[in-house]
> 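A single structure is presented below for examination.
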Amino acid sequence: MPLSQKMGWTEHTHERRGHPTNTTILTSDALGPAIRALREGQVVAFPTETVYGLGADGLNDAACRRIFVAKGRPSDNPLILHVLGPEDLEGLVAELPVAAQRLIAAFWPGPLTVVVPATEKVPLSVRAGLDTVAVRAPSHPVARRLIAGLGSPIAAPSANLSGRPSPTTASAVYEDMRGRIPFIVDGGSAEVGLESTVVDCTTQPVTLLRAGGIGRGRLCDVVGEVVIATANSPVRSPGMKYRHYAPKSPLIWVQSTDDAFVRRILPDIVSAHRRWALIAPDVMKGLQASWFYGLGSDDVSAAHRLFDAMRTMDQHNPDAIVVIWESQGGLGLAISNRLEKASGRRVMPE
Ligand code: TXA
Ligand code: MG
């Protein structure tokens, strides 16, 4: 019996360019094989508190290039370097602007990524040829044990195939990455559920490149003003120009949880669809959809569940997916951004 079977691991073989790769899911109490694979320059998926990451030795250019291959990511979209704390940045960042220092002091370890000037020591593949680097200290204990075990920063994007929702569970990673990477470390379901907030600290005031786990209000409390990047901003993230996840079925976002409004417009929205899926607050379970996925009752639970909800509902291949959600402050901007990118149509009260 193979060891993996004895240990209760899952294995899958997938022929790719004639080279089969077994993908093994490791439990988080046995990180040895994952650390050895990282040392050998291989790509390993691992849990963080935001979403799962697709990691490689962040100082090894050849290893980091393998991330782009596994993910199908365009090579001009840079990666985040994951470190244990600001002390790990020495030699990697050319300068730590005051705003970055303050944000790091306030939110690390946690779901905040800062973009700062890089040194030549950061591999070109990690920064996609830019002279800046995105850095973040994750709080997830498994991510931290991997970084410590490797003894180097881990470069990692989210562990989805390019264009798919970020994975929040090991099985979602497996769905996208089987046969493409040797190991997935299972750390349970990611707590935040949405990616980190990305802040460009090379501008004054700083620029919010991606809304995420830390709300804009909390950033403003620390650095005063925060400008939001748009498609036309002078600074923007390379990632902003790429298509983001949209499910196979048309997604209609009802941006109101007002009961009377929902009951009035829903029949019209779903009349054309025989099999439709509903993603909505738990209390709307009674609405007659073919499939229902409850987002809970607040933004924290909605953020935690949204990507899993979209992946799960997409698997049913419904004629349409209706999402009923209205966010307030905090994580609200991050949730709304993801829904905007995934939806073809948005309905809200006048
Ligand atoms: O929560 C997260 O941030 C997760 C976990 C694994 O840490 N990672 C993640 O990585 O979401 P990724 O690659 O999917 O998103 C990183 C974003 C991309 O939009 C990328 O363009 C941007 O950060 N980025 C990375 N380096 C940058 C840089 N030097 N300048 C501007 N944007 C950068
Ligand atoms: Mg991503």
Side-chain angles (χ1 to χ4, degrees), residues 43-56 58 64 67-68 70-83 92-94 100 107-119 122-140 142-144 146-147 153-168 172-173 176-177 184-185 187 190-203 206-214 229 233-245 303 307 331 334 337-338 341:
V43 177
V44 171
F46 64 99
T48 84
E49 71 280 19
T50 55
V51 299
Y52 275 70
L54 196 59
C64 293
I67 295 175
F68 290 85
K71 191 175 157 85
R73 183 181 181 101
S75 58
D76 65 350
N77 195 2
L79 310 176
I80 296 172
L81 270 189
H82 295 73
V83 296
L92 300 175
V93 313
F107 301 116
W108 278 14
L112 175 83
T113 298
V114 291
V115 172
V116 294
T119 67
V122 179
L124 276 173
S125 58
V126 171
R127 49 194 162 96
L130 301 173
D131 53 12
T132 55
V133 61
V135 289
R136 164 167 119 79
S139 64
H140 198 294
V142 175
R144 298 184 68 80
L146 282 176
I147 300 166
I154 295 183
S158 49
N160 50 288
L161 279 177
S162 223
R164 298 266 299 146
S166 294
T168 56
V173 177
D176 282 14
M177 288 299 149
I184 299 169
V185 181
E191 192 186 331
V192 179
L194 297 178
E195 304 88 343
S196 63
T197 300
V198 182
V199 180
D200 188 337
C201 294
T202 67
T203 63
V206 299
T207 308
L208 178 64
L209 296 178
R210 179 176 73 186
I214 305 278
S233 301
V235 285
R236 36 184 298 211
S237 191
M240 284 173 81
K241 68 173 179 277
Y242 291 107
R243 193 188 147 267
H244 285 74
Y245 174 71
F307 283 142
L331 284 169
N337 282 176
R338 304 318 184 267
K341 285 177 171 154

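These numbers come from a predicted model, not from an experiment. Note: hydrogens, waters and symmetry copies are ignored here, and every other heavy atom, side chains too, is used. We count ligands from 1, going down the list as the structure has it; atoms in each ligand are counted the same way.
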> Say you draw a straight line from CG of Leu54 to CD1 of Ile154; how long is it, rounded to the nearest 0.5 Å?
11.0 Å
> Please confirm whether Pro111 comes under 4.0 Å of ligand 1, counting heavy atoms of the residue only.
no
> Under 4.0 Å from a heavy atom of His82: give me the atoms of ligand 1 that qualify, with their elements.
5 (C), 6 (C), 7 (O)
> Which atoms of ligand 1 are found less than 4.0 Å from any heavy atom of Thr50?
1 (O), 2 (C), 4 (C), 5 (C)
> Donor-acceptor check, side chain of Thr197 to backbone of Gly212, threshold 3.5 angstrom: yes or no?
yes
> Strictly distance-based, threshold 3.5 Å: is any side-chain N or O of Arg73 a donor or acceptor partner for the main-chain N or O of Ile67?
no
> Nearest heavy atom to atom 30 (N) of ligand 1: which of Leu81, Val115, Thr207, Thr113 does it belong to?
Val115
> Under the 3.5 angstrom rule, does the side chain of Thr48 hit a backbone N or O of Thr50 as a donor-acceptor pair?
yes
> For ligand 1 and Lys71, I'd like to know whether there is a polar contact (N/O to N/O, distance under 3.5 Å).
no
> Tell me if a side-chain donor or acceptor on Ser237 pairs with a main-chain N or O of Met240 at a distance below 3.5 Å.
no
> Answer yes or no as to whether an N/O/S atom of Ser158 is found below 2.8 Å from the Mg ion (ligand 2).
yes
> Dump the intermediate steps for side chain to side chain donor-acceptor pair (under 3.5 Å) on Ser196 and Arg210, then the final yes or no.
CA-CA 8 Å; Ser196 63; Arg210 179 176 73 186; 3.3 Å; yes
> Can you find an N/O atom of Arg236 closer than 3.5 Å to an N/O atom of ligand 1?
no
> What atoms of ligand 1 come closer than 4.0 angstrom to any heavy atom of Ile80?
3 (O), 8 (N), 9 (C), 10 (O), 16 (C)
> What part of Arg73, side chain from CB on, backbone N/CA/C/O, both or neither, has a heavy atom under 4.0 Å from ligand 1?
side chain
> Have a look at Ala156, Ala143, Pro47, Pro78 and point out the one with the heavy atom closest to atom 26 (N) of ligand 1.
Pro78
> Taking only heavy atoms of Pro238, which atoms of ligand 1 are found under 4.0 Å from at least one of them?
21 (O), 31 (C), 32 (N)
> Which atoms of ligand 1 sit under 4.0 Å from any heavy atom of Thr132?
28 (C), 29 (N), 30 (N)
> Any Lys/Arg nitrogen of Glu195 or Arg136 sitting under 4.0 Å from an Asp/Glu carboxylate oxygen of the other?
no
> Where the closest heavy atom to atom 23 (O) of ligand 1 is concerned, which of Ala137, Gly239, Gly53, Ser237 has it?
Ser237
> State the atoms of ligand 1, each with its element, that fall below the 4.0 Å cut-off from a heavy-atom position in Asn77.
18 (C), 20 (C), 21 (O)
> Is a donor on one side and an acceptor on the other found under 3.5 Å between the side chain of Tyr52 and the backbone of Gly187?
yes
> Are the side chain of Asp176 and the backbone N or O of Leu161 linked by a donor-acceptor pair below 3.5 Å?
yes
> Write out the residue and atom name of the closest protein heavy atom to atom 14 (O) of ligand 1, then the distance separating them to 0.1 Å.
Ser158 OG, 3.0 Å
> At what distance is the nearest protein heavy atom to atom 3 (O) of ligand 1, and which residue and atom is it?
Ser196 OG, 2.5 Å
> Short list, please: which atoms of ligand 1 are under 4.0 Å from a heavy atom of Glu195?
1 (O), 2 (C), 11 (O)
> Which of the atoms in ligand 1, numbered in the order shown and given with their element, are less than 4.0 Å from a heavy-atom of Leu209?
31 (C), 32 (N)
> Can we say Arg127 and Asp76 salt-bridge, meaning some charged N sits less than 4.0 Å from an Asp/Glu carboxylate O?
no
> Using side chain to side chain contact (heavy atoms under 4.5 Å, CB included), reason through Val199 and Leu209 one step at a time and then give a plain yes or no.
CA-CA 6 Å; Val199 180; Leu209 296 178; over 6 Å; no
> Please check: side-chain N/O of Asp200 versus main-chain N/O of Thr207, any donor-acceptor pairing under 3.5 Å?
no
> At under 4.0 Å between heavy atoms, which part of Arg210 makes contact with ligand 1: side chain, backbone, both or neither?
side chain
